[in-house]
Amino acid sequence: MTTNAPLIMRIMALSINTAKRAGVIIRDVLKQGDLGIVDKGKNDPQTEADRSAQRCIIASLAKKFPSIKIIGEEGGSDLNVCDEWLVSELDETFLRQDCPADWRDAQPEDFVIWVDPLDGTAEYTQGFVEHVTVLIGIAVKNSAVGGIIHQPFYKQSSGELGRTIWGLKGLGTGGFTAVKPPANEFIITTTRSHSNALHQKAVDVFNASKVLKVGGAGFKVLQLLEGKAHAYVFATPGCKKWDTCAPEAVLEASGGTLTNINGEHYEYHENVEHVNGRGVLASVGNNHQELVEKIPLEVRQAVGTKQT
Ligand code: AMP
Ligand code: MG
Ligand code: MG
């Protein structure tokens with residue numbers, strides 16, 4: 001049965017297990033203590049966990065799907081990894097579901113897989129480990145369609161560490177229970193480490209009852225999905241396609257919306273610019289366009305221009 005499943009279902013099913021394996025690597029690096037921090041830019045650290053988790057994910061996906069384009073945050077990866085890091089088993093529970101008709105015939109050349117092996121690295125190095133996620137985003141013909149968000153440090157009620165959330169447009173989501181945010185409040189989730197004056201202006205126009213400053217694009221989208229916030233506002237360039245592909249797919253599979261600050265969806269083809277130049281606006285209600293229009297046009301137009 002598994003080998004006959006449509007390609008997108010097999011990619012999702014392997015990505016679920018691969019994200020979990022990457023989560024174990026991320027926990028192991030922290031336990032062992034030497035993070036091996038390298039600065040890639042201002043406020044942009046990389047650790048041994050980012051490097052090793054990416055090698056595990058890319059080697060596993062590339063071995064099973066050699067003709068599919070995979071783009072990871074940490075650049076080209078050595079595909080020769082130890083057997084322990086090579087994941088080949090597909091998640092059988094996921095595979096038992098029906099593939100949505102829209103993706104059933106998608107071919108290898110239609111896909112790009114966007115990998116953020118560790119989203120929230122700054123928070124990982126600072127001890128805010130609950131903000132950390134592993135993101136595997138699956139784009140089909142330019143759009144974010146499927147995604148895995150794995151939380152290595154999530155504590156299950158059973159005591160087990162780690163949680164894996166998936167979403168596929170047309171099928172839905174799994175691994176968590178969606179909760180609506182409180183109706184009588186307006187809560188924003190936003191960056192804790194990449195703000196500037198223009199971004200602050202965009203946050204301020206909402207006059208939110210609460211502003212939650214948390215790390216990572218994956219964790220912020222989880223705040224929306226679990227009813228902790230109504231909107232994710234990031235009015236500055238800086239996050240990349242690997243930050244938004246999986247979160248966008250999971251959020252939209254659950255009925256929400258993730259766009260740039262002007263309400264336009266990003267593209268995810270293999271030659272697209274990596275930086276999300278016009279920021280991020282994500283929401284769970286059905287008032288996304290209203291939220292876009294709340295941000296003054298001059299603020300929206302200034303996001304991503306040289307002087308910002
Ligand atoms: P944040 O919302 O600041 O936690 O950022 C979400 C994701 O985008 C993380 O992976 C960050 O590393 C990345 N990011 C956001 N802004 C920048 C920036 N100015 N430079 C580098 N990475 C950024
Ligand atoms: Mg990231
Ligand atoms: Mg990362």
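Counting starts at 1 for both ligands and their atoms, in listed order.
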Next on the checklist: I need the atoms of ligand 1 closer than 4.0 Å to a non-hydrogen atom of Gly215, numbered in the order shown.
Outcome noted: 4 (O)
Checklist entry - Under 3.5 Å, is there a donor-acceptor pair linking the side chains of Asn43 and Ser193? => result no
Next on the checklist: Geometry only, no angles: is Asp243 polar-contacting ligand 1 at N/O separations under 3.5 Å?
Outcome noted: yes
Next on the checklist: Under a 4.0 angstrom heavy-atom cut-off, which atoms of ligand 1 come close to Lys220?
Outcome noted: 1 (P), 2 (O), 4 (O)
Item to check | Closest protein heavy atom to atom 14 (N) of ligand 1, given as residue, atom name and distance to 0.1 Å | outcome: Gly238 O, 3.4 Å
Next on the checklist: I'd like to know if Glu160 and Lys155 make a salt bridge, using a cut-off of under 4.0 Å between side-chain N and carboxylate O.
Outcome noted: no
Checklist entry - Are any of the N or O atoms of Gly216 closer than 3.5 Å to those of ligand 1? => result yes
Checklist entry - Near Ala217, which atoms of ligand 1 are under 4.0 Å from a heavy atom of that residue? => result 6 (C)
Item to check | From CA spacing to verdict: salt bridge (Lys or Arg N to Asp or Glu O under 4.0 Å), Lys241, Glu273 | outcome: CA-CA 8 Å; Lys241 296 294 175 296; Glu273 195 189 349; over 6 Å; no
Item to check | Gly120 N/O/S atom closer than 2.8 Å to the Mg ion (ligand 3) | outcome: no
Checklist entry - At a 4.0 Å threshold, what atoms of ligand 1 neighbour a non-hydrogen atom of Phe234? => result 15 (C), 16 (N)
Checklist entry - Short list, please: which atoms of ligand 1 are under 4.0 Å from a heavy atom of Lys240? => result 21 (C), 22 (N)
Checklist outcome for this item: Rounding to 0.5 Å, atoms CG (Asp102) and NZ (Lys141) come to a distance of 10.5 Å
Next on the checklist: Judged on heavy-atom distance to atom 1 (P) of ligand 1, which of Asp119, Asp116, Thr191, Leu118 sits nearest?
Outcome noted: Thr191
Checklist entry - Any idea how His131 and Phe219 line up, ring-wise: parallel (<30°), tilted (30 to 60°), or perpendicular (>60°)? => result parallel
Item to check | Atoms of ligand 1, numbered as shown, that sit under 4.0 Å from any heavy atom of Ser193 | outcome: 3 (O)
Checklist entry - Any Lys/Arg nitrogen of Lys201 or Asp204 sitting under 4.0 Å from an Asp/Glu carboxylate oxygen of the other? => result no
Checklist entry - Any Lys/Arg nitrogen of Glu226 or Arg163 sitting under 4.0 Å from an Asp/Glu carboxylate oxygen of the other? => result yes
Item to check | Under 3.5 Å: N/O of Lys42 near N/O of ligand 1 | outcome: no
Checklist entry - Between Gln223 and Thr189, does any side-chain donor sit less than 3.5 Å from a side-chain acceptor? => result no
Item to check | Nearest protein heavy atom with distance in Å, relative to atom 8 (O) of ligand 1 | outcome: Cys239 CB, 3.1 Å
Item to check | Residue-ligand contact Arg192/ligand 1, heavy atom below 4.0 Å | outcome: no
Checklist entry - Does Lys40 come within less than 4.0 Å of ligand 1, judged by its heavy atoms? => result no
Checklist entry - Could you state the interatomic distance from CG (Asn142) to CG (Asn271), rounded to the nearest 0.5 Å? => result 10.5 Å
Item to check | Name of the Asp116 atom (N/O/S only) found closest to the Mg ion (ligand 2) | outcome: OD2
Item to check | Short N-O contact, Arg51 and Glu74, less than 4.0 angstrom | outcome: no
Checklist outcome for this item: Answer key: the N, O or S atom of Glu73 nearest to the Mg ion (ligand 3) is OE1
Next on the checklist: Within 2.8 Å of the Mg ion (ligand 2), is there any N, O or S atom belonging to Asp119?
Outcome noted: yes
Checklist entry - Hey, what's the ring geometry for Trp242 with Trp114, parallel, tilted or perpendicular (30° and 60° as the breaks)? => result tilted
Checklist entry - Stepwise, does the side-chain contact (heavy atoms from CB on, under 4.5 Å) test hold for Cys56 with Val81? => result CA-CA 7 Å; Cys56 158; Val81 300; over 6 Å; no
Next on the checklist: Restricting to N, O or S atoms, which atom of Asp243 is closest to the Mg ion (ligand 2)?
Outcome noted: OD1
Checklist entry - Taking both backbone and side-chain atoms of His194, is any N or O found less than 3.5 Å from an N or O belonging to ligand 1? => result yes
